[in-house]
Amino acid sequence: MAEVEIGIGKSGRRAYGFDDIAIVPSRRTRDPDDIDISWELDAYQFELPLLVSAMDGVVSPRIAIEVGKLGGLAVLNLEGLWTRYKDPEPLYEEIASLSDADATKRMQEIYAEPIQPDLIGERIREIKDSGVVVAASLTPQRVGRFHELALEAGLDILVIQGTVVSAEHVSSTTEPLNLKTFIARYEIPVIVGGCASYSTALHLMRTGAAGVLVGVGPGAACTTRGVLGIGVPQATALADAAGARVRHLEETGRYVQVIADGGMATGGDIAKAIACGADAVMLGSPLARAVEAPGRGYHWGMATFHADLPRGTRVATRTLGTLREILLGPAPVNNGTMNLFGALRTSMATTGYQTLKEFQKAEVMVAPALRTEGKSLQRSQGVGMG
């Protein structure tokens, strides 16, 4: 791929985010009722190609159950408030009441409370007893210590998640997690990430992972790109990971799910993620706007409260409606932030693709004028796409 010269001795590829591209309609259109947006992960089938981020402002056991009943999969953070506190509700109230100046420091103190191992099993059993698929997240550093408790309680899907997760972690002080050995040891599907490049995605696929999370720093509450200076815009990151998936499929005959993690605020963004190669999407901030969300109008990332180098922030989110309305409609707003998967279905129908895998083959065009062309009135009035 052509590179641009950044300066003498340094060149780089041009990368694109969702706002930089557009999906091109094909010669065919379809009836939205004929569109299939179901998604499979290993032996599990879901009506929606949706994972909900393992963030405390979004996922509680109650939300995990409700998302499961709506056809998606919510991921509970096993290192969050729900496993540190028997009753975290007062902490949610306090976090919502903090000033911006005090939020990070106080949240560092709140999350300094040790994880209570007995709560891991208790939370998973609570979700399991409702009859939905149970997914939960651990960082690579804590997988060895806590995963058995989760498996014993009936965990169905494990997500091993960090800002960046690689298959070749090197350390002179600790014994790193060997993903390939670990994944081979268990029968449950394991999702790993994040990553943002072809080579990292390919190496993660070779560990035996069932799915790979793609996204470094695009989330609404994430400050990684500013704090560390790393990341790749999502459209390019997903296309690269999809290319790695093709190579891995050719090498092994095994299909690995590519999951877009972050950077999506509207149904159009979700559609672009699929068109760039994603099999499913992981959403956080769009669902923090639900009436039922535990964050009480606030959302924060998994690294917001890091003890030494926070790489996230607490952001306010305007409550829009119920979880069902945000996911499936009806939508009383016209900016694409509600009925997210109705929008995906309509986008696929309008461009003529019946299934998600077909939609991955849609033509995509670099289109810097997509959001501004002809929209001067909306922009000046702050409505619609303004």
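We use all heavy atoms of the structure for the numbers below, so side chains are in, but hydrogens, waters and symmetry mates are not. Predicted model, so just to flag it, every value in this text is computed and none were measured. Positions are given from 1, in the same order as the sequence printed here.
The pair R247-E251 meets the salt-bridge criterion, since a charged nitrogen lies less than 4.0 angstrom from a carboxylate oxygen. Salt bridge R14/E3: absent, no basic N to carboxylate O contact under 4.0 Å.
A side-chain donor-acceptor contact under 3.5 Å links R84 to the backbone of Y111. Under a 3.5 Å cut-off, the side chain of S99 and the backbone N or O of D102 do form a donor-acceptor pair. Side chain of E325 to main chain of T322: a donor-acceptor pair is present (N/O by atom type, distance under 3.5 Å, no hydrogens or angles).
Using a 3.5 Å distance cut-off with no hydrogens or angles, the side chains of D42 and Q257 do not pair a donor with an acceptor. Remark: the Y353 side chain and the D36 side chain contain no N/O donor-acceptor pair separated by less than 3.5 Å. Judged by distance alone, the side chains of S197 and T200 do bring a donor and an acceptor atom under 3.5 Å apart.
By the side chain to side chain donor-acceptor pair (under 3.5 Å) test, H147 pairs with Y186, sequence neighbours left out.
When T313, V58, V315, D56 are each tested for a side chain to side chain contact (heavy atoms under 4.5 Å, CB included) with W300, only one passes: D56.
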Indicate every side-chain donor-acceptor pair of residues 69-83 with a distance under 3.5 Å to a residue at least two apart or in another chain.
| from | atom 1 | to | atom 2 | distance (Å) |
| --- | --- | --- | --- | --- |
| N77 | OD1 | E79 | N | 2.9 |
| E79 | OE1 | T139 | OG1 | 3.2 |
| E79 | OE1 | R142 | NH1 | 2.8 |
| E79 | OE2 | T139 | N | 2.7 |
| E79 | OE2 | T139 | OG1 | 2.8 |
| W82 | NE1 | Y92 | OH | 2.8 |
| T83 | OG1 | L78 | O | 2.8 |
| T83 | OG1 | G80 | O | 3.3 |

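Rounding to the nearest 0.5 Å places CD of E292 at 10.0 Å from OG1 of T319.
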